[in-house]
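Only one structure is covered here, and it is reproduced in the block below.
The figures that follow rest on heavy atoms only: side chains count, while hydrogens, waters and symmetry mates do not. Ligands are counted one by one from 1 in listed order, and the atoms in each one are counted from 1 as well.
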Amino acid sequence: MTIRKNAFGEYDIFTIENASGAYVRILSLGAAVQSIAVPDKRGELTDVVLGYDTPAEYLSNDGYFGAFVGRYANRIANASFTLDGRVYKLTANEGKNTLHGGRGLSKRRFELISAENNRLTLGITDPDGGDGFQGVVNIRVTYEFSDDNKLGICYEAVSDADTYLNLTNHSYFNLSGRGDILGHELMINADNYLPVDTELIPTGEVRPVAGTEFDFRTLREIRNGFYDHCFVLHGTPCAELYSTESGIAMTVETDMPAVQFYAGGATGVRLGKNGTVYGKNSALCLETQYYPDSPNRPDFPSPLLRKGEKYASQTSYKFSVE
Ligand code: BGC
């Protein structure tokens, strides 16, 4: 097992390759997952995530391809919340709301903390008041790629003041390595989902999936591409995804309470890695996280990180062939 470091413009790209030759590539730019190349049913390596070949494309494009997302994944209504009696004003970057932390951490440079065997740890410090959030927050993210093709992502953080923190990874998966994800089969281990308003802010209701198009409790085909919703997790695994075309299956596990299933409906046409054209529904995201807008919803599980306490969370994506 080796980790190679190469230049990626002014940034670094780290390749974690396992014993079989499968590999993941991680950037110091946004701690983004740039590639996940795993064998398909013919034994050929297939890159199952969207990404770009240059830093300029990561810096100028929307969509958060493969990115580390923080301080707050998903939306916070009206770019504000109240904590301990004080009102905090955040960076509004989607109309009047905050998406993925505002300016966020996804286009920032992460520092190399360690690279050993199959584990890569990157770190970033966000100053007090970053995007309006309280506290200096020290964040570490560790990527571990095993010989059985499992990418583990471990998030750790501490803050010197009470703050809200909700960290995720925004990889876009296409297990066929081409075309679109309509026809992929999906299971989400959720009995309930969160209905949203026209600005994709949860209404507050937690609604059963039974009898709706949000019922993915057993593996079934994704038939339309409008999904952009938070599912309340019921147990483990969190989700399973399968492409009959490549035979590649992915199992997602997490200790987070929810997962945002985004079918990539807003991905505008652009050129990606190796000149591949990406567009609507080219790939989908399964972003493990706290519920959207939780700082304004005391009835949702709390993403509050108290001063000096340790934030720790894990999510893994395991690939196999069926
Ligand atoms: C959001 C989508 C958004 C996408 C890219 C997802 O996490 O749920 O609404 O279009 O990120 O920004």
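Close contacts of ligand 1 with Glu287, meaning ligand atoms under 4.0 Å from a residue heavy atom, involve 6 (C), 7 (O). In summary, the atoms of ligand 1 found under 4.0 Å from a heavy atom of His170, numbered by their order in the structure, are 4 (C), 6 (C), 7 (O), 11 (O).
Residue Glu94 has no nitrogen or oxygen atom sitting less than 3.5 Å from a nitrogen or oxygen atom of ligand 1, judged on distance alone. On a distance-only criterion, Tyr64 and ligand 1 share no N/O pair closer than 3.5 Å.
Between Arg270 and Glu57, no side-chain nitrogen of the basic residue sits less than 4.0 Å from a carboxylate oxygen of the acidic one, so the salt-bridge criterion is not met. At a threshold of 4.0 Å, the pair Lys307-Asp162 does not count as salt-bridged, since none of the basic side-chain nitrogens sits closer than that to a carboxylate oxygen.
At the top of the distance list for atom 4 (C) of ligand 1, counting protein heavy atoms only, stands Tyr262 CE2, 3.6 Å. Residue, atom and distance of the protein heavy atom nearest to atom 1 (C) of ligand 1 are Asp228 OD1, 3.6 Å.
Of the heavy atoms in Arg75, only side-chain atoms (C-beta onward) come closer than 4.0 Å to ligand 1.
Here atom 5 (C) of ligand 1 lies nearest to Tyr172 when heavy atoms of Phe65, Tyr172, Phe261 are compared.
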Given Asn74 and Asn166, is the side chain to side chain donor-acceptor pair (under 3.5 Å) satisfied, shown in steps?
CA-CA 9 Å; Asn74 218 312; Asn166 183 22; over 6 Å; no
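With Tyr311 as the fixed residue, the side-chain contact (heavy atoms from CB on, under 4.5 Å) test singles out one of Thr163, Leu305, Ile139, Val158: Leu305. Residue Thr168 is tested with Gln260, Glu287, Met256 for a side-chain contact (heavy atoms from CB on, under 4.5 Å); the sole match is Glu287.
Relative to the six-membered ring of Tyr11, Arg109 meets both conditions, a distance below 6.0 Å and an angle of at most 45° to the axis.
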